[in-house]
Colleague: 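Here's a structure for you.
Below, all heavy atoms of this structure are taken into account, side chains as well, without hydrogens, waters or symmetry copies. Here is how names work: the chains are called A, B, and so on, in the same order as the sequence lines, proteins then strands, and each is numbered from 1.
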Number of protein chains: 2
Amino acid sequence: MPAGFNVDEMKKLDDMVEKRRRVKQGELLFNSGDTFTSLYAIRTGFFKTCVTIEDGREQVTGFQMAGEIIGMDGIVTDRHNCNAIALEDAEVCVMPFAMVEDLSRELPALQRHVHKIMSREIVRENSVMMLLGNMRAEERLAAFLLNLLQRLHARGLSQSELVLRMTREEIGSYLGLKLETVSRAFSKFSEEGIIEVKQRYVKILAPEALKKIFNPQTYF
Amino acid sequence: MPAGFNVDEMKKLDDMVEKRRRVKQGELLFNSGDTFTSLYAIRTGFFKTCVTIEDGREQVTGFQMAGEIIGMDGIVTDRHNCNAIALEDAEVCVMPFAMVEDLSRELPALQRHVHKIMSREIVRENSVMMLLGNMRAEERLAAFLLNLLQRLHARGLSQSELVLRMTREEIGSYLGLKLETVSRAFSKFSEEGIIEVKQRYVKILAPEALKKIFNPQTYF
DNA sequence: ATTATCATTTGATGTGTATCAAAGTTATTT
DNA sequence: AAATAACTTTGATACACATCAAATGATAAT
């Protein structure tokens, strides 16, 4: 949440996010088609969002962690346009969107914050489009790992190791790859001494090498 | 722009979009890195937005036509995060974002409208991710054509013919394909009698066949 | 503890699209 | 009108990733 509010304003913000909701691993926070009422601020846990088409194909559109906001896909049609599934036991703050809008009109800093969050999501999706449209498997995985590390690091965790919350298949779905290809890319990085992998645990041995794969030309 | 405003409110909205800007074909409306100040409502013309990486790779992230809003990528960092280029001579309304925010606080209907526009963009990008991650070349092209047709039809134009404003290469960049692949898919559709193509002119002979390609399972 | 289930790895082979190349077409410039 | 540049089409070949398959390793259930 943004800074720079007085006591009275903080009170209103507090009231807005009063309600909590627990979501167990594997459970849905919301489903595509559900009536949209609220945005959700993740307090703890880890989510994936995904869209599906009728023939069963699924595209993971994002992975979200503590401190991030989900649900903005629902604003345009008053119904959710993707599914949000907890990848580990999670707790979210429920923020009724009508209240967010009301309060935004009173508090320019909140208004600005909401706009930035939505804009950030648009920009993030732009880079995923670049990734899906232009990058090769190993570049995609390197970009993915670096992004996760950066976000975890911003939360005070190590920038050299992480525990993946998702399966190879889910990573593949996000990256537009099959799970076998993801597995092979992990193995390749491991053979080259760039990372150490033991199932979901990943240790980064050579972050520079990862960055070089992600962005080859800056090193030529 | 949204409906349901009184005379006084309409006046304020009018003032907000007072300034116009002409952009000639091939010119930039804004560039990645430019300071963000305004959203732009396209009055006439046709744009593409794209992101680039240092080694020259480019990803077209969208095509925008009259009535659509661009520039929301700039809100999060106060700098634009993509390029917007006119594909034909265009005119836009400049909407200083500070004014949009000010007025949004007064006019809930405008506030809601802004939120919906941003949410719509998020949802659109979700479907592009599905397209890039899961669909084959012909499905992508069918989806692309159907989407263009639907948007043109909503503007009172034919739903059975269109003139493309972009090159095969730009279509390919948007769809994560090379221009040759796009060309071959056009030729294939043409051979099958689904469309008639003469350069940028496209006539849809069998819309149902296109929908079937885009979404095979609903017809089995 | 044992079985069953699910996730991951690795190998062999197939395929859709990229790449390379050249010709044809349209638009622009002089 | 001719020349040039830009765009498009089509063919031949290459390659990255998908698919199919089987083994291994982890996790959950009985």
Colleague: Do A:Glu138 and D:dC17 share a donor-acceptor pair, side chain to base, under 3.5 Å?
Modeller: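 Result: no qualifying N/O pair found.
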
Colleague: Has A:Ser183 got a side-chain N or O lying under 4.0 Å from the OP1 or OP2 atom of C:dT8?
Modeller: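 For C:dT8, neither OP1 nor OP2 has a side-chain N or O of A:Ser183 closer than 4.0 Å.
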
Colleague: With no hydrogens and no angle check, is any side-chain donor or acceptor of A:Glu121 less than 3.5 Å from a backbone partner on A:Met118?
Modeller: no

Colleague: Could you label the plane-to-plane angle of the B:His80 and B:Phe36 rings as parallel, tilted or perpendicular, counting under 30° as parallel and over 60° as perpendicular?
Modeller: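 It falls in the perpendicular class, over 60°.
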
Colleague: In whole Å, what is the span from the NZ atom of A:Lys198 to the P atom of C:dA7?
Modeller: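 Rounded to whole Å, this separation is 21 Å.
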
Colleague: If you round to the nearest 0.5 Å, how far is CZ of A:Phe186 from CD1 of A:Ile171?
Modeller: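 One gets 4.5 Å once the value is rounded to the nearest 0.5 Å.
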
Colleague: Donor-acceptor pair, distance only, cut-off 3.5 Å: does the side chain of A:Asp73 make one with the backbone of B:Val123?
Modeller: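 It does not hold such a pair.
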
Colleague: Listing request: all salt bridge (Lys or Arg N to Asp or Glu O under 4.0 Å) pairs with a residue in residues 28-39 of chain B, at least two apart in sequence or in separate chains.
Modeller: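 Pairs touching residues 28-39 of chain B that pass the test: none.
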
Colleague: For a quick test of reading the model: is some side-chain N or O of B:Arg200 closer than 4.0 Å to OP1 or OP2 of C:dT26?
Modeller: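 Negative; the distance criterion is not met.
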
Colleague: Measure the angle between the two terminal helix axes of the helix from C:dA1-D:dT30 to C:dT30-D:dA1, five base pairs each, and quote it to 10°.
Modeller: 50°

Colleague: Which nucleotide sits closest to the side chain of A:Lys178: C:dT8, D:dA18, C:dA18?
Modeller: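 Taking heavy atoms from C-beta onward, the closest nucleotide is D:dA18.
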
Colleague: Can you find a side chain N or O atom of A:Arg184 that sits less than 4.0 Å from OP1 or OP2 on D:dC17?
Modeller: no

Colleague: Starting at the 5' end of DNA chain C and moving along, which residue's nearest nucleotide shows up first, B:Met135 or A:Thr181?
Modeller: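 With B:Met135 and A:Thr181 compared, the 5'-side residue is A:Thr181.
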
Colleague: Is the base of C:dC20 touched by the side chain of B:Glu180 through a donor-acceptor pair closer than 3.5 angstrom?
Modeller: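 Such a pair is found, so the answer is yes.
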
